[in-house]
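Here's the structure, in C-alpha cells; my notes come after.
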There are 2 protein chains.
Amino acid sequence: MSSKKLIYLPLGGAGEVGMNCYVYGYGAEDQERLIVVDLGVTFPDMDSTPGVDLILPDIQWLEERRDRIEAIFITHAHEDHVGAVGHLFERLGAPVYARAFTAHIARGKLAEYGLSDKTVKTVSAWPETVNAGPFTVGFLPVSHSIPETSALVIDTPDGRVVHTGDFKLDPTPIVGEPWNPDAWAEVAKPGVKALICDSTNVFSPDPGRSESDIADNLEALISEAQGMVVATTFASNVARLKTLADAGHRAGRSICLMGRAMRRMIEASVTTGVLADFPTVVSPEEAAQIPRENVMLLVTGSQGERRAASAQLAQGKYNGMRLKEGDLFLFSSKTIPGNERGVIRIINQFSEMGVDVIDDQGGRYHVSGHANRPDLTTMHKLMKPQIVVPMHGEHRHLREHARLAQTNGAQSIVAVNGTMVSLSGNAPQIAGYVETGRTYLDGSVQIGALDGIVRDRIRMALNGHVVVSVVLDENDEPLGEPWCELKGLPEIGRSNAPLVDVLESDLDQFVGRAGDKTRGDDDKLEEGIKRIVRKTCLDEIGKKAEVTVIISRLEA
Amino acid sequence: MSSKKLIYLPLGGAGEVGMNCYVYGYGAEDQERLIVVDLGVTFPDMDSTPGVDLILPDIQWLEERRDRIEAIFITHAHEDHVGAVGHLFERLGAPVYARAFTAHIARGKLAEYGLSDKTVKTVSAWPETVNAGPFTVGFLPVSHSIPETSALVIDTPDGRVVHTGDFKLDPTPIVGEPWNPDAWAEVAKPGVKALICDSTNVFSPDPGRSESDIADNLEALISEAQGMVVATTFASNVARLKTLADAGHRAGRSICLMGRAMRRMIEASVTTGVLADFPTVVSPEEAAQIPRENVMLLVTGSQGERRAASAQLAQGKYNGMRLKEGDLFLFSSKTIPGNERGVIRIINQFSEMGVDVIDDQGGRYHVSGHANRPDLTTMHKLMKPQIVVPMHGEHRHLREHARLAQTNGAQSIVAVNGTMVSLSGNAPQIAGYVETGRTYLDGSVQIGALDGIVRDRIRMALNGHVVVSVVLDENDEPLGEPWCELKGLPEIGRSNAPLVDVLESDLDQFVGRAGDKTRGDDDKLEEGIKRIVRKTCLDEIGKKAEVTVIISRLEA
C-alpha cells in the first residue's frame, strides 16, 4: 500500500455555522499537495468580539505550506464561503476557481485589495474539470438560494470525493439550477469514496420545502395589504429576492430595492446572466411618487443589523421613504441565533409607528436553503459513499449527522476544525490535529483571536478603566499628586465623595509613604498603584476596575 | 363631577418584558395618593449594558412624591416583580404587602440591605384586604408558575380595578392555586372599571396548556434514559421543579438540586408550607455515590448563564459531578430572546462530551406560565371590564393586546412606561407623560442609564483606548516625549512599526511644533493631541480609538 494519503482538514465551518474553509491534500506525509475549498467569513458580536469587523479563518497552517497549494475553489457566493477571499488571498497566492457568478463576486472582493481580475478563473459546470496537482475538480450544480451554487466532484488517486457545499433538494428553486438526482446518480456511478456533507439542518425532521412553495402565500399577503409593503431577507438570497419581487409584481406593485448589498447582488446576477426576468425596479425617488399601496420595497437588514435599510426605516426616514400606520413589514427570513434582540428592537419600533410586522414564525413566507434530515438521507442513499464526513455545522449538528450517516450504512466521523482526517482507508482515521482558530479583521488589521486585544476591550467594557499618571523627579520624589482619569466608571462611590478624589488621595498617601525601593522601580511602583486603585474601587463602587499606570520620570 | 381622578402609570414592564413597576393614584391633580404594584428587575446584556449587574426601574418620579406613597404591593416572587425591592426600598419607604411566600422572598432581599423583617407585611388571600389611603387592595389567587401568585383587586372611589399580574388559566398547576373562574366571576360581579392585564403571550394563538400536561412526557423521557438525567429550568419556576422532581422520582431516581438559587427557592417553598410532598433530595456528595442511571439532577442555568450550574457542568466538573457519554441533559424551559448564544454554547459543549441534549423546541417538556391569546379573551369576557390596559409586554404585545381587547368589547389604550392614564372617564385618557427610564445597579452603585458611563464602556469595547501622558515644565516646554499606552488595540499597524511608536513620534512632533497658545492651554493641547491620535490610528489601523489625555505641568 502506498504511503501517500488522501486527507481532509477543516479550518473553518466544522464546529460552527459559517466561516467555511476546508483543505484536501494528497501525498506522502508532510508533502501533500493541497487544495482549498471556500474561504468564508463569520460575523462578530458584542459578547465575544466587540469592535471586530469580520471574523476570518486562521490560515496560518496553510500559509506555512503555500508552496504546496494548487488552487482555491469557491462553491458559491455567500459571504460565509467567499467573504474572506479578498482578505486572505495574498497570504495564499494560489489561483481561485469558481463558476461565473461566484467568480464575479470574488473578483469584486479582490479588487478591493487592488488585485487583478485574472486571479479568479471562471469554470463551467460539470463535466468540465480543473486539474490541480493530484486532484481533478468539477463544479456539480445543486440547488441552494444563490445562483450557480455547486458541489465539488474531487477525483483523487484514492477515489472520488464529493464535497456538497451548501445545498437543498429543490426541484423548483426559482433561481439557480434545480436539484437533478439523475446527474448526481451519474456522478455516484463509479463509486464515491467520501461524501463531505452539509449538516446545517440535520435537526429539521421534515423534508425541505421548495422556494416555489411560498410564492402563493407571498402573493396573497401582498395583495391583501392596504398600504406599502416592505420585505426583508438576506441580500445574497437572490432566489428569495426574485420570489418576493415576482409576488409583488403580480400583486400590481412597483419594486424598489433598498440597501447597497442588495442592489449589488441583483446587479451582479443580471450582469452575469443568471437572473432572467427580474421585474423592472424603480428608484427610491420614483417610488416616493407612486401611491404607497402600489409600492413594494425589498430591503436589507433581516438580522436587525443597525446600519441596514430595515433598521433605518424603523428609526424614521431612509432614502426619502418613511413608513406609517397601515403599512406592512415582512421578515422573509429566519433570525440567526444571537440576532434576536436586534430583530425584536426593529419590530417594536415599527409597532410604535403603527406598522404591522410579520415575522415568519410558521414558515409561510420563508423556506431554508439547506437540506433537512430526510434530504440528507436521500443524499446518502443516492451517493452511496463509503465515508460520510459531516461539515458545516456546530458540534451537535456534526455529531447528529454522523449518527444519521451510520444509520444509512456509511462510515462516519465527527471532525471539527483542525482535525486532519485520512480518507484513504476503509474507514476515516484521525491523522493528526492542527492548531487553528479565528483571525479578526479589526479596522484594517488582521489580529489573532488569542492576542489579548479583544480580551482587553471586553475587560474595559465590564470593569471600566482607571488611568493613573505619576510624575517623579530625578530623586524619585513625586512631583505633585498622582492624577487619575476614569472612563466608564461611576463618579460617586460609597463615601459620597467623587471617586477620582478618593483615588488620588489614597494614591498620594501610598506614593508618599512608599520606600525608595518601590519608588525607584517602575514595576514595583506600578504594581502598588494598581493594588491601591483596585482596592479603593472595590470599597467605593464594588467593581474591580482595569488600571493603566503611566510613570513619568524627569531626567537629571 | 369630582376633580379627583384615578390614574395608572407604568414605570417598568410596559414596553418591555420584565422590570415590572406600576403606580396607581387617586386624588386631585398632583395630590394623588399613590400605591406601587411590583418592584422588579431586568437583566443586563453585553450589547447595551456591559458590566452592569442588574437593571432597576427609574423611580425618581416616585421618590419625589414619597410622602404620597401609601403602600407597595408585590404580586408574586419572580425577580421581575420582586427583585428590586431590596435595592429601591429605602428611596420609597412605604410598607410592603405580599402573601406569605412572596413576603418571605421579599424579606430576604431587604435583609441584604440590613432592613427589618417588619418592613414586609404578610397578607392572606382575597377576600382579606388592605386599606391604603383611597384604595382597598386584595390578593386574588391565580395560577402561574410560582406559589401564591396573585392578581390584585384594587377598589377605588372610581370603581374596581383588577391588576392581573402574571397569570395563566391552569386548572391543574401542580403548585399554587388552580385557576378558579368562579372566584374571579364573583370579583367581577360588582362591575370592573379597568382590567390591567398581562400581555406576554398575546401572539400565541392556541389556548395555554397546563403544567400537568407535560408530566407524562417527562416521566417517559426520564424512564427511557440510560445514564444520568439532568434537567434545567428557571430556579424560581417552583411548579416546574416539582413536576420534574415528581417525574424523576416516579422513574425511580434520586433527586439532587444544584445551584444556590434553586435550593433557596425550594427551601423557601417548604418553609412557608406552599410546597408539599416535594421528593426527598440528596446532596451532590450522596448523588455521586448512587449509580448514575438512578440519579436526576435539577440545575440552574436554563438561559446559558455563565456561572450557573448548567454552564459549569458543560465545562467539566461541578460539585464533584461530571457528565459523560450516554447522559441526558434537558432544557425544560424556553430560551429568552438574546440568550440563544449562551444556550447553544452549552449544548455544543455537552455534545462534545457525548451527552444527549434535548432543547424543547416542540413544547413536549415545557409550558408557558402566561395566558395565551384565547385565554386573554376568556379573561376579558369573564371580567367584562369597561377598560383593558395591556401591561407586561413589548410595544408589539401591548398594541396587539389592545386590539384584541377592543374586539372583545372593551375600551383600550397602549400605555408604555411613563404614560399616565386617567381611568376615571368612560374611556382611558392620557393624562400626561412622566420622564422615566432605567437605573443600573453597577457594582454597589446605582447609576442612570443616561449618565454616559455605560456609553463610555461600550465605546472602549468597540474602539479601544489610547492613553497619552504629556509632562510640561514651568515654561510650557515638554519634558521628554509624550508617552502612550494602548488598551484593546492592535500592536502593529500599516507602517509595520509598533503603533505606540508611531503615535509617540507623531505626538512629539505635534507638541514640539505647537505654539505657546496651544501649549499653555490644557483644553487646546488636549484637543490637538486627541486629533493627532485619532488620525494616526485611522491611518495605521483603520480605527477611531477612544483617547484619554493627561497633561502634567510642573509648578515653578
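Worth saying up front: this structure is predicted, and the values here are computed from it rather than measured. Numbers restart at 1 for each chain; the letters A, B, ... are given by sequence-line order, proteins then strands. Hydrogens, waters and symmetry mates are skipped; everything else that's a heavy atom, side chains included, is used.
- Taking 4.0 Å as the cut-off between side-chain N and carboxylate O, R399(B) and D356(A) count as a salt-bridged pair.
- Exactly one residue among H397(A), E394(A), H395(A) makes a side chain to side chain donor-acceptor pair (under 3.5 Å) with N348(B). That residue is E394(A).
- The shortest side-chain heavy-atom distance between E340(A) and E340(B) falls under the 4.5 Å cut-off.
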Show every donor-acceptor pair shorter than 3.5 Å between a side-chain atom in residues 481-488 of chain A and any protein atom, with sequence neighbours excluded, or say none if there are none.
| from | atom 1 | to | atom 2 | distance (Å) |
| --- | --- | --- | --- | --- |
| W483(A) | NE1 | E485(A) | OE2 | 3.2 |

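- Counting heavy-atom pairs under 4.5 Å between each of T548(A), D442(A), L479(A), V414(A) and chain B puts D442(A) at the top.
- Counting non-hydrogen atoms of other residues, nucleotides and ligands closer than 6.0 Å to CD of E491(B) gives a total of 12 or fewer.
- If you measure heavy-atom distances from V549(B) to chain A, the contacts under 4.5 Å come from the backbone alone.
- Qualifying ring-ring contact (aromatic ring centres under 6.0 Å, His included) partners for Y433(A), counting only residues two or more places apart in sequence or in other chains: none.
- Interface residue R403(A): only side-chain heavy atoms are found under 4.5 Å from chain B.
- Interface remark: V454(A) contributes no atoms to any contact with chain B (heavy atom separation under 4.5 Å).
- Contact annotation: the side chain of P337(B) never approaches that of R341(A) to less than 4.5 Å [non-hydrogen atoms, C-beta and beyond].
- Within the 4.5 angstrom heavy-atom criterion, atoms from both the backbone and the side chain of I541(B) approach chain A.
- Closest of all the heavy-atom pairs between K543(A) and G51(B) is NZ-O, 2.8 Å.
- Only the backbone of E540(B) comes within contact range of chain A, with at least one heavy atom under 4.5 Å from a heavy atom of that chain.
- Comparing S351(A), S552(A), G443(A), G354(A) by heavy-atom pairs within less than 4.5 Å of chain B, the highest count is held by S351(A).
- Residues V467(B) and H465(A) form a side-chain contact, since some pair of their non-hydrogen atoms from C-beta on lies under 4.5 Å apart.
- Options L538(B), I447(B), L489(B) differ in how many heavy-atom pairs under 4.5 Å they form with chain A, and the most are formed by L489(B).
- Heavy-atom distances place the backbone of I492(A), and not its side chain, under 4.5 Å from chain B.
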Test side chain to side chain contact (heavy atoms under 4.5 Å, CB included) on R396(A) and I344(B); report intermediate values, then the result.
CA-CA 9 Å; R396(A) 59 185 173 136; I344(B) 288 174; 3.9 Å; yes
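- Most heavy-atom pairs under 4.5 Å with chain A: of the set V445(B), L398(B), D456(B), this distinction falls to V445(B).
- With a 4.5 angstrom heavy-atom cutoff, R455(A) does not touch chain B via any of its atoms.
- Side-chain contact between L462(A) and M46(B) is present, with heavy atoms from C-beta onward closer than 4.5 Å.
- For a residue to count as touching a neighbouring chain, one of its non-hydrogen atoms must lie under 4.5 Å from one of that chain's; by this rule I458(B) touches chain A with backbone and side chain alike.
- Contact tally against chain B (heavy-atom pairs below 4.5 Å) for G452(A), P50(A), G342(A), G464(A): the top residue is P50(A).
- Both the backbone and the side chain of S469(B) come within less than 4.5 Å of a heavy atom of chain A.
- Within the 4.5 angstrom heavy-atom criterion, only backbone atoms of V355(B) (N, CA, C, O) approach chain A.
- For D47(A), the parts lying under 4.5 angstrom from a heavy atom of chain B are both the backbone and the side chain.
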Does the pair L554(A) and D473(B) meet the rule for a side chain to side chain contact (heavy atoms under 4.5 Å, CB included), with working shown?
CA-CA 10 Å; L554(A) 300 193; D473(B) 70 10; over 6 Å; no
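- Closest approach of P490(A) and R457(B) over heavy atoms only: CD-NH2, 4.4 Å.
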